[in-house]
Every structure is written in C-alpha cells, then in structure tokens.
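This report refers to the structure that appears directly beneath it.
In what follows, chains carry the letters A, B, and so on, assigned in the order in which the sequence lines appear, proteins first and then strands, with residues in each chain numbered from 1. Note that the coordinates shown come from a computational prediction; the quantities given were computed from them, not determined experimentally.
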Protein chains: 2
Amino acid sequence: MSQTLAIDGRPLGRRAQLTRRRLLDATYELLQTHGIRDVRVVEVARKVGTSPATFYQYFRDVDEAVLVLADEAAEEVEPVARLLDEPWNGKGGLESARDLVDRYFRYWDEHRALMRVRNLAADEGDQRFRDVRNRTLGQVTDRIAEAVAENQRAGRVPPEITPYSAAAAMVSMLERMASYHFDLEPRGVTRRELVETTARILHHTITGRKT
Amino acid sequence: MSQTLAIDGRPLGRRAQLTRRRLLDATYELLQTHGIRDVRVVEVARKVGTSPATFYQYFRDVDEAVLVLADEAAEEVEPVARLLDEPWNGKGGLESARDLVDRYFRYWDEHRALMRVRNLAADEGDQRFRDVRNRTLGQVTDRIAEAVAENQRAGRVPPEITPYSAAAAMVSMLERMASYHFDLEPRGVTRRELVETTARILHHTITGRKT
DNA sequence: CGGAAACCTCACGGGGCGTCAGATTAGTCT
DNA sequence: AGACTAATCTGACGCCCCGTGAGGTTTCCG
C-alpha cells in the first residue's frame with residue numbers, strides 16, 4: 001500500500017516491499033511461539049534468510065514491526081463492530097450479542113500474541129500503541145456508547161450510567177474475557193457458557209432489557 | 001515466608017535475607033519507571049550497590065523476582081474481596097459495589113506495573129504466573145460466583161447465566177477497567193463516572209436487581 | 001551492455017547475560 | 001582477642017545480541 005518508507009526516508013521499490021513484508025510475517029510468526037521479550041532481531045532476519053542489518057533498514061526495532069502488524073489487525077475489527085449497527089432491542093438482540101462475543105473471541109484467538117504485545121506497550125505508556133489500540137477498540141466502544149445513549153433516552157437504562165463508561169466497561173470485559181478464556185476453559189467452564197453469559201451481560205448493559 | 005532458599009538450596013541467614021529484600025525492592029522500583037523489557041539485572045544490582053552475581057544467588061532471573069513481588073501483592077487483595085462477604089441485595093448493596101470498584105482501582109493504581117507484568121507472563125503461558133494470578137483473582141471470583149449462584153437460586157438471575165462465567169466476566173471488567181482508566185480519563189470521562197457505571201453493572205450482574 | 005540507484009551484508013564496538021573460582025565477612029569457640 | 005568455618009559476595013570471563021556505517025551486490029533503465 002502507498003508510501004511506506006524505509007528508515008532513511010527513501011520510498012520502497014518492489015524488491016524492498018517484498019523484503020519488508022517477509023520481515024513482518026516472520027515477526028508475526030515468532031510472536032506466536034516466543035514471548036515478546038525473546039523475539040530477537042537476529043532470529044527474525046534468520047527466518048527470512050537475510051541479515052540483521054536488513055531489518056534495521058525497515059524498522060527501528062522489533063516493536064516498530066509489531067506496531068505495523070497491530071495496525072493491520074485493526075482493520076479486521078470493523079466487520080465485528082458492525083454487528084452493533086442493528087439495534088439490539090428487538091427479538092434478535094440477544095442473538096446478535098452472542099454473535100458479537102463469539103466473533104470477538106475468535107478475533108482474539110487469531111491475533112492473541114499481537115494483541116498481548118499491543119496492550120502491554122500501550123499500558124506501558126507508548127503513545128503509538130495507545131493510538132492503535134484506541135483506533136481498534138474505538139470502533140466497538142463508540143457504537144456501544146451510542147446504543148447505550150439511545151436506550152437511556154428511551155428510559156430503559158438508568159440515568160446514573162454514563163454511556164461511554166458503560167461502553168468502556170463492556171469492551172474491557174470483552175477484551176479480557178477473550179484473552180482469558182484459554183486459562184478458564186481447562187478449569188471447568190465451557191466456551192459456550194462463557195459466550196452465553198458474557199453475551200447476556202453485554203445485552204443487558206446496552207439495552208437495559210431483562211432477558 | 002520462613003524458609004526462603006537461595007538458588008543453590010541453602011537457607012538464608014540474616015545478611016542474606018536483607019540483601020534479597022533490597023534486591024526485591026529495587027526490582028519493584030525499576031519496574032515503575034522502565035518497561036519490563038528494560039529492567040536489567042545489572043541495574044537492579046547497581047541500585048542496591050551490589051554485583052550482578054549476587055542477584056543470581058537469589059533469583060534465576062528478573063521474572064523470578066517479579067513473581068515473588070506478585071505473590072506478596074496477592075495478599076493485599078483479601079480486604080478488598082471481603083466487601084463481597086455481606087450480601088448486596090439490601091439497601092447498601094450499590095454502595096458496597098462502588099466501594100469495591102473504587103478499592104479495586106486503587107489496588108491497581110498501587111501495583112500497576114507489577115500487575116501488568118504478571119498478566120503478561122501469565123498470558124504468555126508461564127504457569128507460575130498463572131498460579132499467582134489465579135490465587136489473586138480467585139479471591140474475588142469465587143465470592144462473586146457464590147453470590148450470583150445464590151441470587152440465581154432466588155430467581156433473580158436468569159438460569160442461562162453460569163455463575164462462575166459471570167464472575168469471571170466481572171473480574172475481567174474490573175481488571176481491565178482498573179488498568180485502563182488512566183488512558184480513559186484524559187479522554188473526557190471522569191473517574192467518578194467510571195466507578196459509578198462499573199459499580200452498577202457489577203451490582204446488577206451479581207444481584208439481578210434493577211437499580 | 002554499462003552505469004546509477006536500490007538494496008543488502010560484513011564486520012565491529014558496546015553492553016547485558018549468567019557462571020564459578022576465589023576473596024571477603026560474620027559467627028563461633030576457646 | 002585469635003583463629004577457624006561457614007556464609008555471603010564479587011571479579012572476570014565467554015557468549016550472544018544490539019545497532020551502525022562502509023562497502024559489496026543486484027536490479028533497473030537507457
């Protein structure tokens with residue numbers, strides 16, 4: 001896509017684009033198997049069959065490559081977030097909630113390692129990572145906040161609730177459950193139960209309706 | 001505590017206990033200012049005025065020191081979790097919920113850096129860290145699950161909800177909100193609103209009562 | 001085919017890691 | 001106090017990764 005630049009500012013030719021892509025892919029793969037602290041530039045380079053110096057032509061460090069990957073993953077959230085565009089009040093509301101939770105879990109299952117590092121870096125204060133995270137979660141948060149506000153106007157959600165706070169709380173719950181369900185399932189809860197329960201909490205918080 | 005051992009298995013004398021403690025404290029302090037990936041054994045040692053080799057007498061690596069710290073922090077959760085021992089159905093229920101959320105946030109504010117690393121390591125699959133996390137969160141989760149189950153028996157919580165799942169969801173929400181509110185507040189939500197809203201969701205999920 | 005531009009790598013100084021043999025300190029007994 | 005012993009600490013080293021800049025190799029284009 002468009003104007004990705006090398007570290008020295010030059011635009012990338014065809015060969016360079018390819019190398020960069022392979023470096024990104026290798027980084028992604030290593031992230032699956034190693035903790036972030038053990039992802040070495042040398043190893044990324046080795047995996048691509050190139051030299052470490054090449055890596056530094058395209059990224060200042062491993063984090064910067066991860067940032068690009070996180071940015072790419074941000075786009076895949078949109079179709080999930082869209083599930084919030086239909087109002088959840090009616091009959092199919094609960095089913096939409098289930099669907100959202102399930103797909104959110106799957107999104108995380110897909111990008112688990114990436115999300116982990118993105119969140120760590122964001123929590124540690126790195127502004128670039130905060131931005132990607134906000135861009136990603138914002139797609140969901142904003143829609144939930146809007147829905148809550150609407151139901152609040154209709155008198156179904158109590159006035160003491162702040163729509164944006166509620167949205168943040170729901171996204172927090174989703175995120176952590178998505179990241180966590182792996183640790184939970186071996187402990188005697190099924191995924192189905194997790195999805196069903198989470199969906200119901202989500203549905204009620206947004207719509208204010210009893211289930 | 002009592003029988004803390006050195007890496008070679010020998011029990012620690014008075015001098016050694018002190019050195020170990022100072023190393024732990026230094027690790028904790030460095031964690032406040034550096035991302036975990038930049039906490040160097042050399043620097044911990046320097047801070048204590050000792051040599052890196054000394055560090056390795058007591059801990060296999062930085063993570064192991066962090067693990068001990070996380071373990072210590074686990075005990076401070078108990079008084080917070082106790083807020084769940086009184087039933088939340090009655091009049092003061094909502095106030096108890098606010099109290100819990102507020103204190104949970106404060107607990108995190110206090111141990112932010114530590115919690116972050118604990119969660120990262122646990123999510124990356126390190127069993128020791130999963131265990132501390134479960135021991136910590138379990139204190140809250142188990143109590144919530146129990147409360148939900150009770151209210152479910154009384155017919156206030158729908159039968160499709162799994163008490164343990166709901167508890168996990170609530171703890172997830174709490175954890176993430178606690179870790180996240182820093183990033184949220186500069187974006188135009190007040191802490192009061194966050195606490196109030198989170199408390200209400202928590203209260204309703206546990207008791208099934210309208211607020 | 002030849003030259004310029006684009007891309008890649010060699011080779012190196014710097015620094016943290018983790019170990020172990022040996023030095024230093026504290027404790028104990030006479 | 002002196003001297004012996006166990007406990008504790010550290011100097012010094014080999015290893016490996018980092019990140020850079022000068023110089024080599026490939027690609028592109030006339």
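Taking B:Asp61 as the reference, nothing meets the salt bridge (charged side-chain N to carboxylate O under 4.0 Å, His left out) condition, with sequence neighbours excluded. For B:Glu196, the salt bridge (charged side-chain N to carboxylate O under 4.0 Å, His left out) partners at least two apart in sequence or on another chain are B:Arg98, B:Arg200. With sequence neighbours excluded, no residue forms a side-chain hydrogen bond (donor to acceptor under 3.5 Å, both in side chains) with B:Glu110. Judged as a side-chain hydrogen bond (donor to acceptor under 3.5 Å, both in side chains), and not counting sequence neighbours, B:Arg116 has no contacts. Evaluation of the side chain to side chain contact (heavy atoms under 4.5 Å, CB included) rule for A:Arg187 yields B:Asn134, B:Tyr164 as partners, not counting sequence neighbours. Remark: A:Arg128 engages A:Asp126 in a side-chain hydrogen bond (donor to acceptor under 3.5 Å, both in side chains) (not counting sequence neighbours).
Contacts of residues 21-36 of chain B with DNA chain C (heavy atom under 4.0 Å): none. Taking a 4.0 Å limit (strictly below) on heavy-atom distances, residues 53-65 of chain A reaches DNA chain C at A:Ala53, A:Thr54, A:Gln57, A:Tyr58.
One atom, CZ of B:Arg40, and another, C1' of D:dC17, lie 11 Å apart when rounded to the nearest Å. Rounded to a whole Å, the CZ atom of B:Arg37 is 16 Å from the C1' atom of D:dC17. Nucleotide D:dC9 holds its C1' atom 14 Å from the CG atom of B:Leu18, rounded to whole Å.
Applying the ring pair (Phe, Tyr, Trp, His ring centres under 6.0 Å) test to pairs two or more places apart or on separate chains, those with a residue in residues 166-200 of chain B are B:Phe105-B:His181. Every pair passing salt bridge (Lys or Arg N to Asp or Glu O under 4.0 Å) that includes a residue from residues 3-12 of chain B is listed here, sequence neighbours excluded: B:Asp8-B:Arg10.
Running 5' to 3' along DNA chain C, contacts with non-hydrogen atoms of chain A at under 4.0 Å begin and end at C:dC7 to C:dC10.
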Is there a side chain to side chain contact (heavy atoms under 4.5 Å, CB included) between A:Glu185 and A:Thr190? Walk through the geometry before answering. CA-CA 6 Å; A:Glu185 284 164 25; A:Thr190 70; over 6 Å; no
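Dashed line: the shortest gap from a side-chain N or O of B:Arg20 to OP1 or OP2 of D:dT8 is not under 4.0 Å. When the side-chain nitrogen and oxygen atoms of B:Thr19 are compared with OP1 and OP2 of D:dT8, none of them lie within a distance under 4.0 Å.
Atom CG of B:Asp71 is separated from atom CG of B:Asp131 by 10.0 Å, given to the nearest 0.5 angstrom.
Taking the six-membered ring for Trp and thresholds of 30 and 60 degrees, A:Tyr107 and A:His111 have ring planes more than 60 degrees apart, a perpendicular arrangement.
The residue from B:Thr197, B:Ile201, B:Leu174 that alone fulfils the side-chain contact (heavy atoms from CB on, under 4.5 Å) condition with B:Val101 is B:Leu174.
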Do any N or O atoms of the protein come closer than 3.5 Å to N or O atoms of nucleotides 24-30 of chain D, and which pairs are they?
{"unit_1": "D:dC28", "atom_1": "OP1", "unit_2": "A:Arg14", "atom_2": "NH2", "d": "2.7"}

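Ion pair B:Arg130/B:Asp123 not flagged as a salt bridge, since none of the NZ, NE, NH1 or NH2 atoms sits closer than 4.0 Å to an Asp/Glu carboxylate oxygen.
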